[in-house]
Amino acid sequence: MKGKRKMIIILVMIAILIVILLRNNLLKMIYPQTYQEAVKIYEEKYKVEANLIFALIKAESDFNKEAVSSRNAIGLMQLMEETAKDVARKNDIELNAQNVKEELLDVYKNIDIGTCYLATLLEKYDNKEVALAAYNAGIGTVDGWIEKGIIKSDGTDIEKIPYKETNNYVRKILRDYKIYQYLYDN
């Protein structure tokens with residue numbers, strides 16, 4: 001009995017040691033930088049930090065380029081067709097209006113328009129928290145929250161976001177953003 005117990009303790013200690021040694025590699029499997037080439041292009045073009053783009057893609061589609069939500073948000077960055085058309089029109093991004101869904105399933109086109117939209121929101125709100133809330137809930141909704149004093153425009157009371165989904169969404173992306181920074185900015 002003592003021999004079995006000792007063996008179990010040794011095996012547990014070896015398993016813990018392996019997990020400690022491989023922790024970052026395991027985390028990188030959970031938090032990949034899939035589509036790194038496309039993200040790098042649009043990070044530079046729109047001046048949006050790659051780690052934030054990766055965290056948003058992870059939250060929106062978990063890197064499934066063919067993702068389509070129940071609300072018909074499309075692709076990696078889960079863009080609504082009307083939002084994509086509007087962003088493309090305002091920023092001279094070529095988008096075939098007759099075939100928007102297919103175009104948004106293209107990795108480069110989706111990351112281009114999604115990152116451009118995120119950059120627009122970051123510029124408008126001047127902070128990540130409120131910009132991410134607007135990406136999820138919509139600009140009109142977030143502007144209304146700010147006007148009514150529900151949340152502050154500086155994002156310091158982001159925990160007061162009244163939509164549970166949006167509240168959790170912002171927290172998740174900010175958490176994942178920090179994990180991406182930890183894993184890839186060393």
Side-chain angles (χ1 to χ4, degrees), residues 31 35 38-65 67-93 95 97 100-101 103-181:
Y31 295 92
Y35 310 114
V39 169
K40 183 169 178 47
I41 290 168
Y42 300 112
E43 167 194 33
E44 291 172 6
K45 181 176 180 180
Y46 299 114
K47 308 294 184 238
V48 175
E49 201 176 340
N51 290 324
L52 185 60
I53 300 168
F54 285 120
L56 191 139
I57 292 171
K58 179 161 181 50
E60 288 288 354
S61 67
D62 201 22
F63 298 94
N64 177 0
K65 67 181 181 178
V68 179
S69 76
S70 60
R71 293 183 178 161
N72 288 318
I74 302 166
L76 291 169
M77 297 184 79
Q78 290 291 279
L79 298 164
M80 300 298 289
E81 285 189 33
E82 289 306 311
T83 301
K85 287 180 194 176
D86 187 52
V87 170
R89 182 180 47 75
K90 288 178 179 174
N91 296 280
D92 295 321
I93 299 170
L95 183 68
V100 175
K101 182 177 180 181
E103 290 221 26
L104 290 178
L105 291 172
D106 175 78
V107 168
Y108 285 84
K109 185 67 70 175
N110 194 282
I111 295 174
D112 184 3
I113 295 172
T115 304
C116 181
Y117 183 49
L118 180 57
T120 302
L121 296 172
L122 288 165
E123 185 176 324
K124 174 179 173 57
Y125 296 108
D126 199 30
N127 69 68
K128 290 176 187 75
E129 295 83 0
V130 179
L132 291 169
Y135 194 98
N136 181 262
I139 293 169
T141 300
V142 170
D143 286 348
W145 293 340
I146 292 168
E147 287 171 20
K148 293 175 185 168
I150 295 169
I151 64 169
K152 295 178 184 173
S153 62
D154 65 4
T156 56
D157 62 348
I158 210 68
E159 70 279 354
K160 293 182 179 177
I161 292 173
Y163 291 2
K164 185 176 181 177
E165 176 191 333
T166 302
N167 194 311
N168 290 337
Y169 173 89
V170 171
R171 292 168 190 263
K172 178 181 179 9
I173 292 178
L174 292 174
R175 179 202 64 211
D176 290 354
Y177 170 63
K178 287 177 184 171
I179 292 170
Y180 271 101
Q181 287 177 313

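The environment of NZ in K58 is crowded: more than 12 heavy-atom neighbours from other residues, nucleotides or ligands sit within 6.0 Å. The local environment of CG in D126 is sparse, with at most 12 non-hydrogen atoms from other residues, nucleotides or ligands closer than 6.0 Å. More than 12 non-hydrogen atoms from other residues, nucleotides or ligands lie less than 6.0 angstrom from OH of Y31.
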(message) side chain to side chain contact (heavy atoms under 4.5 Å, CB included) for I41 and Y108? Distances and angles first, verdict last.
(response) CA-CA 9 Å; I41 290 168; Y108 285 84; 3.7 Å; yes
(request) For D112 and Y46, run side chain to side chain contact (heavy atoms under 4.5 Å, CB included): C-alpha distance rounded to whole Å, both residues' side-chain angles, the deciding distance at 0.1 Å, then the answer. (result) CA-CA 9 Å; D112 184 3; Y46 299 114; 2.4 Å; yes
(message) Assess the residue pair K65 and Y35 against the criterion (side chain to side chain contact (heavy atoms under 4.5 Å, CB included)); give the C-alpha distance rounded to whole Å, side-chain angles, the decisive distance to 0.1 Å, and a yes or no.
(response) CA-CA 10 Å; K65 67 181 181 178; Y35 310 114; 3.7 Å; yes
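Listed for the T115 side chain is a donor-acceptor partner under 3.5 Å among the backbone atoms of I111. Formation of a donor-acceptor pair under 3.5 Å by the E129 side chain with backbone atoms of G155 is not found in this model. The backbone N or O of K160 lies less than 3.5 Å from no partner atom in the side chain of D157, so there is not a single donor-acceptor pair. Proximity of a side-chain donor or acceptor of N110 to a complementary backbone N or O of I74 within less than 3.5 Å is detected. Proximity of a side-chain donor or acceptor of N167 to a complementary backbone N or O of E159 within less than 3.5 Å is detected. Judged by distance alone, the side chain of K47 and the main-chain N or O of E44 form a donor-acceptor pair under 3.5 Å. With N127 contributing its side chain and S153 its backbone, the two residues share a donor-acceptor pair below 3.5 Å.
Between E165 and N136, the closest heavy-atom pair is OE2-ND2, 3.6 Å. Pairing each heavy atom of V48 with each of A119, the nearest pair is CG2-CB, 3.5 Å. Taking both residues in full, the closest heavy atoms of I173 and A59 are given as CG1-CB, 3.6 Å, listed atom of the first, atom of the second, then distance. In terms of heavy-atom proximity, G114 sits nearest to L79 at N-CD1, 3.7 Å. The minimum heavy-atom distance linking V68 with K101 is given by the pair CG2-CE, 4.0 Å. Listed here is the closest heavy atom pair of Y125 and A134: CE1-CB, 3.5 Å.
Taking CE of M80 as the start and CG of L104 as the end, the distance is 10.5 Å to the nearest 0.5 Å. Distance check: L95 CG to K109 NZ gives 6.0 Å after rounding to the nearest 0.5 Å. Taking CG of L76 as the reference point, atom CG of D62 lies at 10.5 Å (rounded to 0.5 Å). Here the straight-line distance linking atom CD1 of I93 with atom NZ of K45 works out to 5.5 Å at 0.5 Å rounding. In this structure, the separation between CG on N168 and NZ on K164 is 6.5 Å, given to the nearest 0.5 Å. Rounding to the nearest 0.5 Å places CD of Q78 at 8.0 Å from OH of Y135.
V39 places a side-chain heavy atom less than 4.5 Å from the side chain of I57. Residues W145 and P162 are in side-chain contact: their nearest non-hydrogen atoms beyond the backbone lie under 4.5 Å apart. Counting heavy atoms from C-beta on, the side chains of L118 and L56 come closer than 4.5 Å. A 4.5 Å side-chain heavy-atom check between Y177 and F54 finds every atom pair outside the cut-off.
Classification of D143 and K124 as a salt-bridged pair holds, one side-chain N sitting under 4.0 Å from a carboxylate O. Taking a cutoff of 4.0 Å between a charged side-chain nitrogen and a carboxylate oxygen, R89 and D86 qualify as a salt bridge. Ionic pairing of E82 and K85 is present here: one or more N-O contacts between side-chain nitrogen and carboxylate oxygen are shorter than 4.0 angstrom.
If you check the side chains of Y117 and N91, you find no donor sitting under 3.5 Å from an acceptor. For the 3.5 Å distance criterion, the side chains of E60 and Y169 qualify, holding a donor opposite an acceptor.
Applying the side chain to side chain contact (heavy atoms under 4.5 Å, CB included) test between L121 and each of L132, V142, I139, V130 identifies I139 as the sole match.
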